[in-house]
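Accompanying notes for the structure given below.
Throughout, a chain's letter reflects where its sequence line sits, starting with A, and its residues are numbered from 1. The structure presented is a predicted model; accordingly, all values stated were derived computationally and were not measured.
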Number of protein chains: 2
Amino acid sequence: MATMKFSRQREAIKEYLSNTKEHPTADTVYMNIRKTYPNISLGTVYRNLNLLVDQGEVIKLNGIDGSDHFDGQVKPHYHFVCNGCNRIYDLEMESIEHIDSIANKNFPGKVEGHMAYFYGTCQECLE
Amino acid sequence: MATMKFSRQREAIKEYLSNTKEHPTADTVYMNIRKTYPNISLGTVYRNLNLLVDQGEVIKLNGIDGSDHFDGQVKPHYHFVCNGCNRIYDLEMESIEHIDSIANKNFPGKVEGHMAYFYGTCQECLE
DNA sequence: TTGTTTATAATAATAATTACTATTATTTGA
DNA sequence: TCAAATAATAGTAATTATTATTATAAACAA
């Protein structure tokens, strides 16, 4: 039944993600973990990122640009993408869950949720 | 200044998209246009889809799955993705533009818009 | 009709991600 | 403690979606 075994590489990835506010791509994770594990392979990074996502320890963000981004903060929250610097910020805000009921009103099926992110210009790029 | 020249392939793509309620990928467009233009190449499809998007005649949807999808309906609207059949439906609904102001409240930058889609189970898959 | 220029088909290249495989690390339990 | 069992790894190849290249063909203006 494929019991999961400990791996120091996976731990390092998890720890790296929980300590950064950036929302790195697999490749960026790879570059950073290499500082500690110079021989880690990109495939290992991808596989572990997906394992962590499956376990709910990490969130995968897609649809923002060509690559998937990963977020170590798993508490539900939204994201803001800056059109200037392309950085992704966490966005704590009051719930907008009600948009699901709005959508449900005019749709002949069952709306169960939504995916959303905001975009604009971040503080730093405004200055 | 690169004036755009007429092309029957581009016209066929535009017409195909304006007559379907599906939200096909470039590859699906390719398969369909081949019925009329058996020699059309996938590169031509991609180039014209992007040209049409640039001209505002077609909308590109990304972040739904691994591939870009194209929509011939350009009037602003939302989309619903069925978790059962993976089809993408148009979703006419009242405005939820106010979520941008909600996001703005707690973000130290300028929120200019959002990207969102809904998911759940479509009528057909519920039955 | 001819000359100029854009568009095309065919193909190659790129980028992101997943699959494969021989070797290594982790774990179990005698 | 050690050895067998098995999951994880590094390295590499393969895949998928998309964009770039280029010689030829189609569109169009004079």
Side-chain angles (χ1 to χ4, degrees), chain A residues 1-17 22-55 57-71 81 86 88 117, chain B residues 1-17 22-55 57-71 81 86 88 117:
Chain A
M1 302 266 109
T3 313
M4 170 125 56
K5 277 181 183 171
F6 173 90
S7 116
R8 51 188 75 199
Q9 289 89 337
R10 186 186 309 127
E11 282 309 298
I13 292 169
K14 191 160 81 176
E15 204 212 337
Y16 168 67
L17 281 177
E22 321 250 328
H23 296 73
T25 59
D27 201 65
T28 303
V29 173
Y30 174 59
M31 295 305 192
N32 278 277
I33 302 297
R34 282 230 281 194
K35 294 171 187 165
T36 315
Y37 296 96
N39 295 327
I40 195 170
S41 85
L42 187 53
T44 296
V45 172
Y46 270 103
R47 186 168 34 74
N48 281 307
L49 283 170
N50 286 327
L51 279 172
L52 292 169
V53 168
D54 290 348
Q55 293 193 138
E57 311 221 46
V58 162
I59 285 170
K60 186 192 281 195
L61 308 175
N62 42 40
I64 286 173
D65 57 20
S67 310
D68 292 343
H69 292 254
F70 296 88
D71 189 345
V81 182
N86 290 313
I88 301 169
Y117 67 81
Chain B
M1 307 260 103
T3 314
M4 170 126 55
K5 279 182 180 169
F6 172 88
S7 116
R8 51 189 74 198
Q9 291 90 336
R10 187 186 308 125
E11 282 309 298
I13 291 169
K14 190 160 81 176
E15 205 212 337
Y16 167 67
L17 280 178
E22 321 250 330
H23 296 73
T25 59
D27 200 66
T28 303
V29 173
Y30 174 57
M31 295 304 192
N32 277 277
I33 302 299
R34 281 229 284 191
K35 294 172 187 166
T36 315
Y37 296 96
N39 295 328
I40 196 171
S41 85
L42 186 54
T44 296
V45 172
Y46 269 103
R47 186 170 33 74
N48 281 307
L49 283 171
N50 286 327
L51 280 170
L52 292 168
V53 168
D54 290 348
Q55 294 193 138
E57 310 219 47
V58 162
I59 285 171
K60 186 192 284 196
L61 309 175
N62 41 39
I64 287 173
D65 57 22
S67 309
D68 290 343
H69 292 254
F70 297 88
D71 190 345
V81 182
N86 291 313
I88 301 168
Y117 67 80

### Message
How long is the straight-line distance from CD1 of A:I33 back to CZ of A:R8, given to the nearest 0.5 Å?
### Response
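Rounded to the nearest 0.5 Å, the CZ-CD1 separation comes to 13.5 Å.
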### Query
How many angstroms lie between CD in A:E11 and CG in A:N48, if you round to the nearest 0.5 Å?
9.5 Å
### Message
I'd like to know whether A:N50 forms a side chain to side chain contact (heavy atoms under 4.5 Å, CB included) with A:K60, so could you lay out the CA-CA distance, the side-chain angles of the two residues, the decisive distance to 0.1 Å, and finally the verdict.
### Response
CA-CA 8 Å; A:N50 286 327; A:K60 186 192 281 195; 3.0 Å; yes
Can you tell me how far [atom2] of [N] sits from [atom1] of [X], to the nearest Å?
| X | N | atom1 | atom2 | result |
| --- | --- | --- | --- | --- |
| B:R10 | D:dA27 | CZ | P | 11 Å |
| B:L51 | C:dT8 | CG | C1' | 13 Å |
| A:D65 | D:dT18 | CG | C1' | 15 Å |
| B:Y37 | C:dA7 | OH | P | 16 Å |
| B:I33 | C:dA7 | CD1 | P | 17 Å |
| B:N39 | C:dT11 | CG | C1' | 15 Å |
| A:Y30 | C:dA15 | OH | C1' | 15 Å |
| A:E11 | D:dA8 | CD | P | 12 Å |

### Query
Taking B:R10 for the side chain and B:L52 for the main chain, is one N or O donor matched with an acceptor at less than 3.5 Å?
no
### Query
Do the side chain of A:H69 and the main chain of A:H23 share a donor and acceptor less than 3.5 angstrom apart?
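Yes; at least one donor-acceptor contact below 3.5 Å.
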Using nucleotides 26-29 of chain C, report all nitrogen or oxygen pairs with the protein that are shorter than 3.5 Å.
| residue | atom | partner | partner atom | Å |
| --- | --- | --- | --- | --- |
| C:dT26 | OP1 | A:R8 | NE | 3.2 |
| C:dT26 | OP1 | A:R8 | NH2 | 3.3 |
| C:dT26 | O2 | A:K5 | NZ | 3.0 |
| C:dT27 | OP1 | A:F6 | N | 3.3 |

#### Entry: Heavy-atom side-chain contact between B:T28 and B:M31 under 4.5 Å
no
### Query
With side chains defined as the heavy atoms from C-beta onward, is the minimum distance between B:V81 and B:D65 less than 4.5 Å?
no
Does a side-chain N or O from [X] land closer than 4.0 Å to OP1 or OP2 of [N], or not?
| X | N | answer |
| --- | --- | --- |
| A:N62 | C:dA16 | no |
| A:Q9 | C:dA25 | no |
| B:T44 | C:dA9 | yes |

### Message
I'd like to know whether CD of B:E57 has more than 12 heavy-atom contacts from other residues, nucleotides or ligands below 6.0 angstrom.
### Response
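Yes, CD of B:E57 has more than 12 neighbouring heavy atoms, counting only those of other groups under 6.0 Å.
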### Query
What's the verdict on side chain to side chain contact (heavy atoms under 4.5 Å, CB included) for B:Y30 and B:D27, showing C-alpha distance, side-chain angles and the deciding distance?
CA-CA 5 Å; B:Y30 174 57; B:D27 200 66; 4.1 Å; yes
Atom pairs under 3.5 Å: protein N/O with N/O of nucleotides 17-23 of chain C:
| residue | atom | partner | partner atom | Å |
| --- | --- | --- | --- | --- |
| C:dT17 | OP1 | A:D68 | N | 2.8 |
| C:dT17 | OP1 | A:D68 | OD2 | 3.2 |
| C:dT17 | OP2 | A:Y46 | OH | 2.5 |
| C:dT17 | O5' | A:Y46 | OH | 3.3 |
| C:dT18 | OP2 | A:N50 | ND2 | 3.2 |

